Number of protein chains: 2
Amino acid sequence: MTEKQQNILTSGLELFASEGYNNISTSKIARHAGVSEGLIFRHFENKEGLLNAILAQGAETAAAYYSTIVLESDPKTAIRKAIELPMSIPREELNYWRLIYRLKWQQFNYGAEMAEPLRSALIIAFQELEYSMPEAEADLVLAYIDGMATTVLLHPERNADQIAASMINKYSL
Amino acid sequence: MTEKQQNILTSGLELFASEGYNNISTSKIARHAGVSEGLIFRHFENKEGLLNAILAQGAETAAAYYSTIVLESDPKTAIRKAIELPMSIPREELNYWRLIYRLKWQQFNYGAEMAEPLRSALIIAFQELEYSMPEAEADLVLAYIDGMATTVLLHPERNADQIAASMINKYSL
DNA sequence: TTAAATTAAGTGAGTACTTACTTTGTTTTT
DNA sequence: AAAAACAAAGTAAGTACTCACTTAATTTAA
């Protein structure tokens, strides 16, 4: 991984996240990265290849997140951690998640299969706590996470901590 | 409003909703609507003008929704109706909402100001029920609605009614 | 009641420009 | 010297949009 190669990845993430995959041309990325346009294709074959490389790099750090919940043995702690997930996104990963959410509403459907292990973990947690509809309860938390992530990424003026506290309050955790 | 003009609006909504504003060219819309490309510009001036006309047409029917909640005097009923909102979208309006959610993650931010009256109504409802943090509680419901709408629009295989039931169960309505 | 005049609806080829991607050649590194 | 990294110019297909023009419908005038 050369320096320019990493520059392309970083610029691509920043631009794709802030303006959208289709609104950003390869020439813009090259200019932003201080690199010739052809280099993008040398390293990543095509525009979608660049996107996949960006997503792969982001997914590595993102996977660490999910794992702390999936590996949590106490069901109450797991649910609490899941609810707090959207606010615990570190600054440097905000762009990655902005990109994921943008792509979800383009033709691709990234991020869907990524959340599957989290869903399983939540179902198990609610089963252990003997909820009558553990799957619906898990999907509710997932819907909340989805909406809350949108709030954090698009409306940073809202008080996310208070909202999450209200949600946690609905469960006896 | 001539027949061809309506054809353009209908085709535009369908294509924009399913593939995104930036992914659909005016020539594609013209072909889909069985119309010459120039006619789009004769009637709607430019591509964004067409988008606005589509949104205006959809907003008329959509406004009826929000109003039943905003005008609801009983706070408990208002909250319940809000929670049930995402599943009560009629079939013929699904494309309109898909388009709204797509646009939210493109450069525009439609839909944000549309939900403002709903937010105010929810805050008042929670105040009347003497919740300690009515604003956070309202934003929580809004985040839920957002995530749940995503579920309904993107993952129709999930059992939305059960999830909503779980949510309603969290409040003593 | 026709005929002429005016407006509106519609066409499709052409505009300048942008797009993703290629090719060719030069520099840097090992 | 060989290979990898990089730059710059180029290409074909597509983009939103325009323009000269035709057709259909409506209004006005004789």
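First the proteins, then the strands, lettered A, B, ... as listed; each starts at 1. Predicted, not measured: the structure shown is a model, and the values here were computed from it.
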Exercise. Can a cation-pi geometry be assigned to Lys47(B) and Tyr21(B), taking NZ or CZ under 6.0 Å from the six-membered ring centre and within 45° of the ring axis?
Worked result: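 Yes, cation above the ring, under 6.0 Å and within 45°.
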
Is there any protein nitrogen or oxygen under 3.5 Å from a nitrogen or oxygen in nucleotides 6-8 of chain C, and what are the pairs?
none

With clusters defined by side-chain heavy atoms of hydrophobic residues (ILVMFWY) lying less than 4.5 Å apart, directly or transitively, does [Y] cluster with [X]?
X: Ile83(A); Y: Met167(B); value: yes
X: Ile123(B); Y: Tyr144(B); value: no
X: Leu13(A); Y: Phe44(A); value: yes

For the pair made of [atom1] in [X] and [atom2] in [N], what is the distance, rounded to whole Å?
X: Leu50(A); N: dC21(C); atom1: CG; atom2: C1'; value: 13 Å
X: Asn23(A); N: dG14(D); atom1: CG; atom2: P; value: 20 Å
X: Arg31(B); N: dT15(D); atom1: CZ; atom2: C1'; value: 13 Å
X: Phe41(B); N: dC19(D); atom1: CZ; atom2: P; value: 13 Å
X: Lys28(A); N: dT18(C); atom1: NZ; atom2: P; value: 10 Å
X: Ile40(B); N: dA16(D); atom1: CD1; atom2: C1'; value: 10 Å
X: Gln6(B); N: dG10(C); atom1: CD; atom2: C1'; value: 17 Å
X: Lys47(B); N: dT15(D); atom1: NZ; atom2: P; value: 9 Å

Distances under 3.5 Å between protein N/O atoms and the N/O atoms of nucleotides 11-14 of chain C, please, pair by pair.
{"from": "dT11(C)", "atom 1": "OP1", "to": "Lys4(B)", "atom 2": "NZ", "distance (Å)": "3.0"}
{"from": "dT11(C)", "atom 1": "OP2", "to": "Ser36(B)", "atom 2": "N", "distance (Å)": "2.8"}
{"from": "dT11(C)", "atom 1": "OP2", "to": "Ser36(B)", "atom 2": "OG", "distance (Å)": "3.1"}

Problem set entry | Glu37(A) versus Ser27(A), side-chain donor and acceptor atoms under 3.5 Å |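 There is no such pair (donor and acceptor under 3.5 Å, judged by atom type) between the side chains of Ser27(A) and Glu37(A).
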
For this session: Select base, sugar-phosphate, or nothing to describe what Ile24(B) touches, counting heavy atoms under 4.0 Å on all strands.
Result: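 Contact class for Ile24(B): sugar-phosphate only.
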
Problem set entry | salt_bridge(Lys81(B), Glu84(B)) N-O dist < 4.0 Å |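 Answer for the salt bridge query: no.
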
Problem set entry | Cationic N near anionic O, under 4.0 Å, Lys170(A) to Glu137(B) |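 Yes, charged N to carboxylate O under 4.0 Å.
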
Exercise. Heavy-atom count around Glu92(A) CD within 6.0 Å, excluding the residue itself: above 12?
Worked result: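 Atom CD in Glu92(A) is packed in, count exceeds 12.
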
Exercise. Should the heavy atoms of other residues, nucleotides or ligands under 6.0 Å from CD of Glu72(A) be counted, would the total exceed 12?
Worked result: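 Yes.
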
Exercise. Between the axis at one end of the helix from dT1(C)-dA30(D) to dT30(C)-dA1(D) and the axis at the other (five pairs apiece), what's the angle to 10 degrees?
Worked result: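 Answer for the end axes of this duplex: 10°.
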
Under 4.0 angstrom between [X] side-chain N/O and [N] OP1 or OP2:
X: His43(B); N: dG10(C); value: yes
X: Thr26(B); N: dG14(D); value: no
X: Ser25(A); N: dT18(C); value: no

Problem set entry | Distance in Å, Ile54(B) CD1 paired with Tyr96(B) OH, rounded so as to fall on 0.5 Å steps |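 So the CD1 of Ile54(B) and the OH of Tyr96(B) are separated by 11.5 Å.
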
For this session: Go through Gln6(B) and Thr10(B) one step at a time and tell me if the side chain to side chain donor-acceptor pair (under 3.5 Å) criterion holds.
Result: CA-CA 6 Å; Gln6(B) 183 57 53; Thr10(B) 307; 3.2 Å; yes

Exercise. With distance as the sole test, does Arg98(B) use its side chain to make a donor-acceptor pair with the main-chain N or O of Leu153(B) at under 3.5 Å?
Worked result: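 Such a contact is found between Arg98(B) side chain and Leu153(B) backbone.
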
